[in-house]
Amino acid sequence: MNEKPISHDEIFNQLNKFQAMDCKYSDGRILGSMCTEAHPIAKEAFFKFIDSNLGDPGLFKGTKLLEDKVLKMIGSFLSIENPVGHMVTGGTEANIMAIRSARNLARDNKGIKKGELIVPKSAHFSFKKAADMLDLKLIRVDLDENYRINPKCVEENINENTIAIVGIAGTTELGMIDPIEDLSKMAIQNDIHLHVDAAFGGFSIPFLKDKGYDLPNFDFSLEGVKSITVDPHKMGLSPIPSGGILFRDQSYLDAMSVDSPYLTIKNQSTIVGTRLGASAAATYAVMSYLGKEGYANNAIEAMEKTHFLADNLKNLGYELIVEPKLNIVAFNHPYLETFELAQLLEER
Ligand code: EBR
């Protein structure tokens with residue numbers, strides 16, 4: 001590190017050079033990202049709340065109210081009036097929190113010592129991290145011909161150590177939506193936590209459904225669903241890091257809360273301690289600004305572009321892996337290996 005201070009201008013000269021090495025969402029060269037450039041109003045609100053710490057919400061009461069409001073707003077399109085949860089860093093942390101809560105409840109209520117977690121083979125790798133951190137056996141079950149979890153395989157794998165089942169609403173690679181309704185029935189029958197990872201789909205499926213798209217139900221209207229991951233920093237147009245974890249009621253947070261003696265609150269259930277308040281402010285700003293109508297328009301526009309891309313790829317002789325359900329297109333090149341194609345695209 002430099003001994004003597006460096007001037008503001010010099011520092012920003014340096015920063016500009018580093019930033020010039022980055023890809024920009026606006027340059028059209030980022031092909032496989034679920035994140036986007038944040039909405040201008042979200043950036044403005046983010047910067048305004050940059051010093052706010054939700055890890056000590058008694059000091060930042062207004063920001064805490066914003067977090068609560070964001071959760072309630074998200075709940076309003078996930079069929080729950082009073083969700084309980086937090087804004088977190090993203091889908092990974094949200095998924096880990098959901099599984100931690102399920103593991104603790106299974107341990108406390110059923111005496112399960114070495115729990116098992118059932119996920120589809122299409123699940124995001126954050127569940128591998130969750131299983132590792134929480135000392136769970138990860139059971140990855142097969143998919144059906146449409147790359148959705150096969151409920152039969154879930155049923156076969158449920159046993160007395162199962163602490164949770166995970167269904168995905170918008171898989172990372174293909175944007176598929178698992179049959180959450182079937183999983184919900186199974187979860188109720190077997191008294192097992194059902195977590196839905198809608199990190200990607202959470203900000204589009206509900207709006208597309210409202211506009212008449214034929215998509216399956218995946219939210220809290222299904223009794224078995226106990227928690228949902230939904231990321232404002234994916235389809236929500238909020239800056240990174242903006243994730244969301246919603247639970248059906250307070251008991252799921254209580255199951256993982258620890259005493260927090262030096263804070264203005266008595267206990268804390270998040271994994272992270274000191275945490276950004278800016279994400280809550282930014283998400284509140286962009287959600288209010290766009291409203292449901294704005295998100296619906298964005299989701300529809302994304303689907304129109306998806307179909308445009310998919311149709312033209314087909315016309316050029318590419319083979320789609322699956323007909324897109326959400327705004328993800330996956331395809332095989334007529335003769336190049338996928339790896340080779342990826343490399344050529346990267347070079348371009
Ligand atoms: C990230 C996809 C992605 C790819 C994003 C490239 C940015 C890129 N997906 O530049 C699901 C269904 C996901 C997911 C991430 C996570 C983790 C959870 N569930 O912790 O915010 O597709 O990264 O979310 P994270």
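The basis for the numbers below is simple: all heavy atoms, side chains too, and nothing from hydrogens, waters or symmetry mates.
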Taking the side chain from [X] and the backbone from [Y], do they hold a donor-acceptor pair closer than 3.5 Å?
| X | Y | value |
| --- | --- | --- |
| K209 | L215 | yes |
| N146 | R148 | no |
| R103 | L136 | no |
| S257 | L253 | no |
| S242 | P239 | yes |
| S184 | G224 | yes |
| R107 | A102 | no |
| T264 | G58 | yes |
| D132 | K128 | no |
| T162 | A164 | no |

For residues 43-50, which side-chain donor-acceptor pairs fall under 3.5 Å, sequence neighbours excluded?
unit_1 : atom_1 : unit_2 : atom_2 : d
K43    : NZ     : E37    : OE2    : 2.9

Using every non-hydrogen atom in the two residues, find where [X] and [Y] come nearest and quote the distance to one decimal.
| X | Y | result |
| --- | --- | --- |
| I321 | F331 | CG1-N, 3.7 Å |
| L326 | G201 | CD1-CA, 4.1 Å |
| I41 | Y289 | CD1-CD1, 3.5 Å |
| L54 | A280 | CD1-CB, 4.2 Å |
| A98 | I245 | CB-CD1, 3.9 Å |
| I96 | L134 | O-CD1, 4.1 Å |

What I'd like to find out is whether the side chain of [X] reaches to under 4.5 Å of the side chain of [Y], using heavy atoms alone.
| X | Y | result |
| --- | --- | --- |
| F127 | D197 | yes |
| V154 | I149 | yes |
| H193 | I163 | no |
| S76 | E81 | no |

Presence of salt bridge, [Y] and [X], under 4.0 angstrom:
| X | Y | result |
| --- | --- | --- |
| K64 | D68 | yes |
| K152 | E156 | no |
| R275 | E93 | no |

Step-by-step side chain to side chain contact (heavy atoms under 4.5 Å, CB included) determination, I158 to I165:
CA-CA 9 Å; I158 290 176; I165 302 167; 4.0 Å; yes
Which value, rounded to the nearest 0.5 Å, describes the distance between [X] atom [atom1] and [Y] atom [atom2]?
| X | Y | atom1 | atom2 | result |
| --- | --- | --- | --- | --- |
| L208 | Y295 | CG | OH | 14.0 Å |
| I6 | Q14 | CD1 | CD | 5.0 Å |
| L117 | R140 | CG | CZ | 11.5 Å |
| K234 | S204 | NZ | OG | 12.0 Å |
| I112 | N159 | CD1 | CG | 8.0 Å |
| H333 | L345 | NE2 | CG | 9.0 Å |

Tell me, with the steps shown, if R100 and N104 meet side chain to side chain contact (heavy atoms under 4.5 Å, CB included).
CA-CA 6 Å; R100 179 172 173 227; N104 289 3; 4.2 Å; yes
Shared ILVMFWY cluster between L246 and V286, side chains joined below 4.5 angstrom?
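Yes, same cluster.
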Tell me whether V225 shares a hydrophobic cluster with M176, the cluster being built from Ile, Leu, Val, Met, Phe, Trp, Tyr side chains joined at under 4.5 Å.
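Unlinked, V225 and M176 end up in two clusters.
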Tell me, with the steps shown, if N217 and E181 meet side chain to side chain donor-acceptor pair (under 3.5 Å).
CA-CA 7 Å; N217 206 355; E181 208 159 333; 5.2 Å; no
With a 6.0 Å cut-off (strictly less than), is the heavy-atom count around [atom1] of [X], excluding the residue itself, greater than 12?
| X | atom1 | value |
| --- | --- | --- |
| D214 | CG | no |
| Y25 | OH | yes |
| E346 | CD | no |

D144/N150 under side chain to side chain donor-acceptor pair (under 3.5 Å): CA gap, chis, key distance, verdict:
CA-CA 5 Å; D144 65 14; N150 186 335; over 6 Å; no
Report the C-alpha separation of K114 and N161 in whole Å, then their side-chain angles, then the decisive distance to 0.1 Å, and conclude whether the side chain to side chain donor-acceptor pair (under 3.5 Å) test is met.
CA-CA 7 Å; K114 174 83 183 172; N161 290 322; over 6 Å; no
Check the pair T172 / H124 against side chain to side chain donor-acceptor pair (under 3.5 Å), numbers first and verdict last.
CA-CA 6 Å; T172 310; H124 184 260; 4.9 Å; no
Assess the residue pair K314 and E323 against the criterion (salt bridge (charged side-chain N to carboxylate O under 4.0 Å, His left out)); give the C-alpha distance rounded to whole Å, side-chain angles, the decisive distance to 0.1 Å, and a yes or no.
CA-CA 11 Å; K314 274 195 274 190; E323 279 300 324; 2.8 Å; yes
Test side chain to side chain contact (heavy atoms under 4.5 Å, CB included) on L78 and F218 and set out the steps.
CA-CA 8 Å; L78 295 181; F218 72 100; 3.6 Å; yes
